[in-house]
A.B. asks: 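Once you've had a glance at the structure underneath, I'll fire off some questions.
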Amino acid sequence: MKSLKQYLVEHICRYCELNMPQISQDEVSEDLDEFVERIFAPESLGGLKQVIRLIVRVRNISFHSAQSIMKELHLATYIFDALHKYSFDIEDRYISNEYHRTKYQKGWCSEYPFYVVLLKSYEYNLTIKSCELFATFINHYYSVLDTLRDKDLARESSTREEDACSNFRLFMRTNVAELNFVRETIPNTSGDSPTAIAHQLDQYLTSKETWPYLPHKNYLRTLCHFFSNDWKPAKHITRRRLAIDRVPKRYADPIAIPIVGAHDDIFALIPDEPLIPNSEGLNDDDQYAAQIFVINNRDVDTKRDKTELLDTAIPFNKHVQKRTAIDVTASVRRSHNMGIQNTQLLMPEELSFLIEKLILMGHQPANREMVIVIWLMLLLSKSVEEIQSLVVFTDLSRKQQGLYIDELGQAWWFFYVSHSAKAKLDNEGLREVKEEVFTPCPEFLQKLIVANREAQLTGPILKEKDSKIITSSVVRKLKKLSERHASGRVSVRRLVNFVSYYLNSTDVIDPIFIDYSYAVHMYTTRVARSYANVSDHFRTEQLAKLWQNVEQDIQRYTGKRLPISLFEIHHFDQADPFIGSSFTPTNDAISTLINSLTKRVLASIPGFHHRLLDMIEYHNAFTAYTAWMLLFGTGYRAAWNPLPTFALFLPSLNLMGISDKDDSDFSHSRIVAVPNILVSQLKEYKRHLGCLRSLLRVLLPKLCSTIDNIVDVEQNVLSFNHSQATQWYKVIRNSRKEQGPFFFFNRQGNSVVATNLSPSELVNYCKNEIKLPANAGRHWLKSHLLKKNICPELINFQMGHWQAGEVPLGHYSALSHVEAINEMVPVLDELFEEVGWKSLKSVIS
C-alpha cells in the first residue's frame, strides 16, 4: 500500500513533466523530504493541504510575507504550484481524507506543536500586520528552537516550544477587541526585529488596564518571552480546584452570512464546508443546497462569553411562532425583490450631493483620509476593516492587495481570485486562468491617495491604525452631511452595500464582476463564482457599464455631467487573459469532444444482422453523445443518472425539470430551458430506446421491461394525484438505484447488465481523444451566458443559483417560466451552433 508521500511525489512529478521537465524524480523526493522535515510533520502527513492553503491565504493579503514563510519552510515554488494550481486526487479515500485533514490527532500538540500551528491556520484572523507577525514568528521559531526545547526551561506539563506554539495559535484565532487591535498594530513595520516586537508587546501590556479575561493577557505575555527569548525555569505551584466545573457548556456558533437588503439581525444559515472539494469541477460551496433557512436576532460578529447564560424566552404560542416566521420570510423575500426606489439604495439626488461634498473635502488635507475611506466604501464595497488591509505599492515583486502604481503613473487595484476546486493534471482543453486581477483606479482617487501618502508613497492606504476611530469619524461626518441634506440619510451601511443594492435593483451587470475585481465575496455570488470564467477585458468593460449607468442616473437628475469619472477603462494586460473557474473548456476542446463522440457513433453502427455486441457498442456511443449534449445544454451538474425520467422533459415548451442537488422539500428542483438541437436529440434518443427494446426483447426480457417503464412513463404519471406524484418524485430524482434513460450496457460474464451513467464513465468514454471534467458543460454554459450579456436573474434561473428567499417555483414567485425560457432558448441555440452540436439520428430508430 502506497503512502501519502509517494502519491505526492507522483503528482509533483507529473506536474514537472508538463511544466518543468528538467526536474527529476530524485530531486522532487529530496525537496519534498526537506520541506516535510522542516515543518516537523507527522509520518502520515495528515493535514498537509492546510499548509498549502496557509501560503495561499497569506499571499492574498501580503505577498512578501508569503514568500518569507515559503523560504523559512523550505517549500520549493514548483511543489507549491503543483499542489495549489491543480487538484490532488487519490482514489484511496483514507489517504485522501488524511491529506485534507483539518483536525490534529491526540498527542500532536505536544509532539508536533509547530505543525499544529500550521495545520490550524485556516482559523486565524489574517490581516497585513498579522501576516507579517506570522512570518516573523516562523523565522524566529527556527532561530531559537534549541532554547524552546531545552528541558531545563520546560514546565512540568509542557515544553517552552509547546507554550509558544499553543499561545500563538490561540492568539491568532481568538476574536476579542484587545487581540484584534494588537494584530492590526504589531509589528510597526515589516522589518521589525523579534526584540522590537517583544518590546512593543510589553509596552502594550503595561500601558493597558488589566483585562477582564486574564488568559487573553497571558497569550501576549508568553509571546513576549518567545520574541525576547528570555525564558526562565518554571515555578511549580499547586493550585486547588473545585471538583465540579460550574462553567456553562460552550457550543459552536452557527455559520451565518448576512442577507444583503434584509434587516441587520437576519442571516442565512449555511452548513460547514465539506472536507474535500469535488474533483470534477463541483466547488465545495455547491455540494449542498443553498439553505432557505435564516437565523433571526443574532449578532454573529461577536462570540458569546463562556459565563453568559442562554436566554430562555421561547414563544410557546404557535400563533406567535408562525407570525415571527412570516415576518422573517417576508423580509428575506423583500431583500431579493429590491426596486430602484428602495430606501436602502442611495438615490441619484443623494449621490450627487455626496460626490459634490467629497470633491470639496478632498481639497482639505485634514479631511483627505476620511474622504478616501468614503470613496473606497462606495467604489470597492469595502468596510473600514477591509480598507485598512489595503496598501500602496510600486514593486510587482512585493505585491499586496491594494493599489499598484506602475512606471507610467497609472494606478491599478490588485486582488487575487482563487477557487478551492482545481482542475486535474490530466484534464485537457481547459482555459488557462490567472489568479491576479488588476482593475483601473479612477484618476481623481489616485491623486487623493498619493497626496495623502505625501513623501512616502508606499505603505498602508490609511495612516490611522485604529478602525474604531476611523469608523466614528466617518459616521459623524456622514451624519453631519445628512442633516444638511433634506432627503435621506447617508450611512456606512448604504455606502458599503451600494453596489450590491444597485445590482440587485437594476441587473445592469452580474455581481460576479464585482466579486472578481475587488475580492468582494457577496452573498449572491457565494456559489455562482465557482462556475464563472470571463476574459479580463470583458470584466473591465462590464465595470465601465455599471458606473456609466450610475453616472447617467445622476445626470438625469441634475441635468449635468459629473465633474469626475467614477471608472476609466484601461487594460493592464493586452493579451486578455481569463479569470475565474479553471474547469471551463475552450470552444476548440468542445469541438474535439463532439467530433470524437460523433466518430464513435458512426464507427459503431451495427451490421445488417444486428449482433448483440454491436448493439451494445452502438447504444453506449449514442448514449454518451446525447448525455454530453444534455450536460452542455442544460447546465446539469456532474450527477449520476442525469434526467432520471422522460416525464421531466417537455419538448413542446423547450423545458426540463432538474433535481441534481436537492433537499427533502425540493427547494432546489428547477426548470431550465432546453435548446432546440437538444430537444431533437432527446426525442431521437427516446425513439432509439423504443426500437432497442424491440430488438432485445427475446434476449433480455427483464431489461426491456424496465425500458418500457422508461419510454412509456408519461402514461403512468398522468394518473397520479398530488401525494402519489410527490412520492414518485422522491424515488426517481437524482437516483443511482432507479434505472434512468441514460445507461451503459456492460458485459458481466455471459450476461449483459445496464448501469446508470456515472460522471466518471462519461469522462473516461473518450479519454483517448480528450479528457474533460464531467462538469465542464456547466462551467462553459455559465461563462458564455455571461459573455452574451444575459440578465443575471435568467442566468441564475438556468443554473439554479438562487439563494435564501429566491424560489422561482414558489407560489409567490412572479417569474414567468415560459417567458424566461422563450428568452433563453435563442441564446442557447446560438451557443450550440458556435461549437458544433448537431442532432444525430439513430440507425435503429
A.B. asks: Run the numbers on D515 and T525 for side-chain hydrogen bond (donor to acceptor under 3.5 Å, both in side chains), then give the verdict.
C.D. replies: CA-CA 7 Å; D515 189 312; T525 61; 2.6 Å; yes
A.B. asks: Pair R93, E98 - check salt bridge (Lys or Arg N to Asp or Glu O under 4.0 Å), show working.
C.D. replies: CA-CA 9 Å; R93 195 66 180 173; E98 195 66 21; over 6 Å; no
A.B. asks: Do Y516 and F415 have ring centroids that are under 6.0 Å from one another?
C.D. replies: no
A.B. asks: Kindly say whether A82 contributes a backbone atom to a donor-acceptor pair with the side chain of H11 at under 3.5 angstrom?
C.D. replies: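 Answer holds: yes.
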A.B. asks: Is there a side-chain contact between S581 and Y531, using heavy atoms and a 4.5 Å cut-off?
C.D. replies: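 Not touching, per the 4.5 Å side-chain cut-off.
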A.B. asks: Using 0.5 Å steps for rounding, measure from the CG atom of L32 to the CG atom of L8.
C.D. replies: 6.0 Å
A.B. asks: In terms of heavy-atom contacts, does CD of Q25 have more than 12 from other residues, nucleotides or ligands at under 6.0 Å?
C.D. replies: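 12 or below, so no.
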A.B. asks: Looking at E793, I'd like to know if its CD atom is crowded, meaning that more than 12 non-hydrogen atoms belonging to other residues, nucleotides or ligands lie closer than 6.0 Å.
C.D. replies: no
A.B. asks: Under the 3.5 angstrom rule, does the side chain of Y765 hit a backbone N or O of A621 as a donor-acceptor pair?
C.D. replies: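 Here the side-chain-to-backbone pair exists.
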A.B. asks: So, for C16 and V28, which heavy atoms are closest and what is the spacing to 0.1 Å?
C.D. replies: SG-CG2, 4.1 Å
A.B. asks: Looking at every non-hydrogen atom in both residues, tell me the closest pair between L772 and P585 and how far apart they are.
C.D. replies: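 Smallest interatomic distance, heavy atoms only, reads CD2-CB, 4.0 Å.
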A.B. asks: Quick one: does H688's side chain have a donor or acceptor within less than 3.5 Å of a partner on V843's backbone?
C.D. replies: no
A.B. asks: Give a yes-or-no answer on whether the side chains of S87 and D89 include a donor-acceptor pair shorter than 3.5 Å.
C.D. replies: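 The answer is yes; a qualifying pair exists.
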A.B. asks: So, does D614 use its side chain to make a donor-acceptor pair with the main chain of S604 at under 3.5 Å?
C.D. replies: no
A.B. asks: Output the distance between atom CZ (F744) and atom CD1 (I616), rounded to the nearest 0.5 Å.
C.D. replies: 12.5 Å
A.B. asks: SG of C13 to CG of L18: how many Å apart, nearest 0.5 Å?
C.D. replies: 11.5 Å
A.B. asks: Can you find a pair of side-chain heavy atoms, one from R747 and one from L613, that are under 4.5 Å apart?
C.D. replies: yes
A.B. asks: May I ask you to check whether over 12 heavy atoms, not counting those of E432, lie within 6.0 Å of atom CD?
C.D. replies: no
A.B. asks: In chain order, what residues pass the ring-ring contact (aromatic ring centres under 6.0 Å, His included) check against H84, with sequence neighbours excluded?
C.D. replies: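 H84: ring-ring contact (aromatic ring centres under 6.0 Å, His included) contacts with F80.
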A.B. asks: Hydrogens and angles aside, do T634 and R778 bring a side-chain donor and acceptor to less than 3.5 Å of each other?
C.D. replies: no
A.B. asks: Between V763 and K767, is a side-chain contact (heavy atoms from CB on, under 4.5 Å) present by the stated rule, with each step listed?
C.D. replies: CA-CA 7 Å; V763 168; K767 63 181 180 181; 5.8 Å; no
A.B. asks: So with a 6.0 Å cut-off around NZ of K85, is the heavy-atom count from everything else above 12?
C.D. replies: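 Counting other residues, nucleotides and ligands, NZ of K85 stays at 12 neighbours or fewer.
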A.B. asks: Kindly give the heavy-atom pair with the smallest separation between N756 and W640, and that separation in Å.
C.D. replies: O-CZ3, 3.7 Å
A.B. asks: In the structure I gave you, are the side-chain heavy atoms of L781 and L828 within less than 4.5 Å of one another anywhere?
C.D. replies: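 Side chain of L781 against side chain of L828, heavy atoms only: contact under 4.5 Å found.
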A.B. asks: Could you check whether any side-chain heavy atom of M656 comes within less than 4.5 Å of a side-chain heavy atom of L682, counting everything from C-beta outward?
C.D. replies: yes
A.B. asks: Shortest non-hydrogen contact from A774 to L631?
C.D. replies: O-CD1, 3.6 Å
A.B. asks: Would you check if there is a donor-acceptor pair between the side chains of H779 and S783 at a distance under 3.5 Å?
C.D. replies: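 The criterion, which ignores hydrogens and geometry beyond distance, is not satisfied for H779 and S783.
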A.B. asks: Under a 3.5 Å cutoff, is there a donor and acceptor pairing between the side chains of T626 and Q681?
C.D. replies: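 A pair is found: one side chain offers a donor N or O, the other an acceptor, under 3.5 Å apart.
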A.B. asks: May I ask you to check whether over 12 heavy atoms, not counting those of K838, lie within 6.0 Å of atom NZ?
C.D. replies: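 Counting neighbours around NZ of K838, 12 or fewer heavy atoms of other residues, nucleotides or ligands fall under 6.0 Å, so no.
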A.B. asks: Look at the side chain of S596 and the backbone N and O of L593, then say whether any donor-acceptor pair between them is shorter than 3.5 Å.
C.D. replies: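 Confirmed, S596 side chain pairs with L593 backbone.
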A.B. asks: Hey, are the side chains of I821 and I671 touching, using non-hydrogen atoms and a 4.5 Å cut-off?
C.D. replies: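 When only atoms from C-beta onward are counted, I671 and I821 do touch, with a gap below 4.5 Å.
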A.B. asks: Look at the side chain of Q798 and the backbone N and O of A673, then say whether any donor-acceptor pair between them is shorter than 3.5 Å.
C.D. replies: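 Flag set: sc Q798 to bb A673 pair under 3.5 Å.
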A.B. asks: Indicate yes or no: at least one non-hydrogen side-chain atom of I79 is less than 4.5 angstrom from one of I52.
C.D. replies: no
A.B. asks: Do F513 and F538 have their ring centres less than 6.0 Å from each other?
C.D. replies: yes
A.B. asks: Is the cationic atom of K422 (NZ for Lys, CZ for Arg) positioned less than 6.0 Å from the six-membered ring centroid of Y86 and within 45 degrees of its normal?
C.D. replies: no
A.B. asks: Let's go through F743 and H619 carefully: what are the C-alpha distance in whole Å and the side-chain angles of both, what is the deciding distance for ring pair (Phe, Tyr, Trp, His ring centres under 6.0 Å) to 0.1 Å, and is it a yes or a no?
C.D. replies: CA-CA 9 Å; F743 56 86; H619 168 77; 4.8 Å; yes
A.B. asks: Are the aromatic rings of H571 and F438 close, with centres under 6.0 Å apart?
C.D. replies: no
A.B. asks: Looking at Y15 versus Y78, is the centre-to-centre ring distance below 6.0 Å?
C.D. replies: no
A.B. asks: What distance separates E684 CD from K841 NZ, expressed to the nearest 0.5 Å?
C.D. replies: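 Nearest 0.5 Å value for the CD-NZ distance: 4.5 Å.
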A.B. asks: Please check if the side chain of H784 supplies one atom and the backbone of W780 the other of a donor-acceptor pair under 3.5 Å.
C.D. replies: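 Looks like yes, one N/O pair under 3.5 Å.
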A.B. asks: Does a salt bridge link E17 with R14, judged by any charged N lying under 4.0 Å from a carboxylate O?
C.D. replies: no
A.B. asks: Over all heavy atoms of both residues, which pair between K434 and P577 is shortest? Give the atoms and the distance, please.
C.D. replies: CD-CB, 3.6 Å
A.B. asks: Check for me whether the distance between the ring centres of Y625 and W837 falls short of 6.0 Å.
C.D. replies: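 Yes - the distance between ring centres of Y625 and W837 falls below the 6.0 Å cut-off.
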A.B. asks: Rounded to the nearest 0.5 Å, what separates atom SG in C791 from atom CG in D510?
C.D. replies: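 C791 SG to D510 CG: 9.0 Å, rounded to 0.5 Å.
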A.B. asks: Any side-chain heavy atom of M615 sitting closer than 4.5 Å to one from I844?
C.D. replies: yes
A.B. asks: For the residue pair Y618 and F622, does the interplanar ring angle fall in the parallel (under 30°), tilted (30 to 60°) or perpendicular (over 60°) class?
C.D. replies: parallel
A.B. asks: How far apart are the closest heavy atoms of L794 and A820, and which atoms are they?
C.D. replies: CD2-CB, 3.7 Å
A.B. asks: Has the side chain of D576 got a donor or acceptor atom that lies under 3.5 Å from a matching backbone atom of H537?
C.D. replies: yes
A.B. asks: With a 4.5 Å cut-off on side-chain heavy atoms, are M824 and L785 touching?
C.D. replies: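 Yes, at least one pair of side-chain atoms sits under 4.5 Å.
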A.B. asks: Verify side-chain hydrogen bond (donor to acceptor under 3.5 Å, both in side chains) between R539 and S517, making sure each step is shown before the conclusion.
C.D. replies: CA-CA 8 Å; R539 175 189 64 87; S517 300; 2.8 Å; yes
A.B. asks: Looking at CG of L831 and CG of N587, how far apart are the two atoms once the value is rounded to the nearest 0.5 Å?
C.D. replies: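 CG of N587 is found 9.0 Å from CG of L831.
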A.B. asks: Suppose we call two aromatic rings close when their centres sit under 6.0 Å apart. Are H419 and F583 close by that rule?
C.D. replies: no
A.B. asks: Tell me if a side-chain donor or acceptor on T645 pairs with a main-chain N or O of L648 at a distance below 3.5 Å.
C.D. replies: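 Between the backbone of L648 and the side chain of T645 there is no qualifying donor-acceptor contact (under 3.5 Å).
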A.B. asks: Give a yes or no on whether a salt bridge exists between K2 and E10, defined as a side-chain N under 4.0 angstrom from a carboxylate O.
C.D. replies: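 Yes.
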A.B. asks: Taking salt bridge (charged side-chain N to carboxylate O under 4.0 Å, His left out) as the cut-off, I'd like each qualifying pair that reaches into residues 821-836, sequence neighbours left out, listed once.
C.D. replies: K788-E830, K788-E834
A.B. asks: Short question: side chain of Y685, backbone of S680 - any donor-acceptor pair under 3.5 Å?
C.D. replies: no
A.B. asks: Using 30° and 60° as the class boundaries, would you call the ring planes of H817 and F797 parallel, tilted or perpendicular?
C.D. replies: tilted
A.B. asks: Where do Q542 and N789 land on the side-chain hydrogen bond (donor to acceptor under 3.5 Å, both in side chains) test, with the steps shown first?
C.D. replies: CA-CA 9 Å; Q542 291 294 293; N789 279 319; 3.2 Å; yes
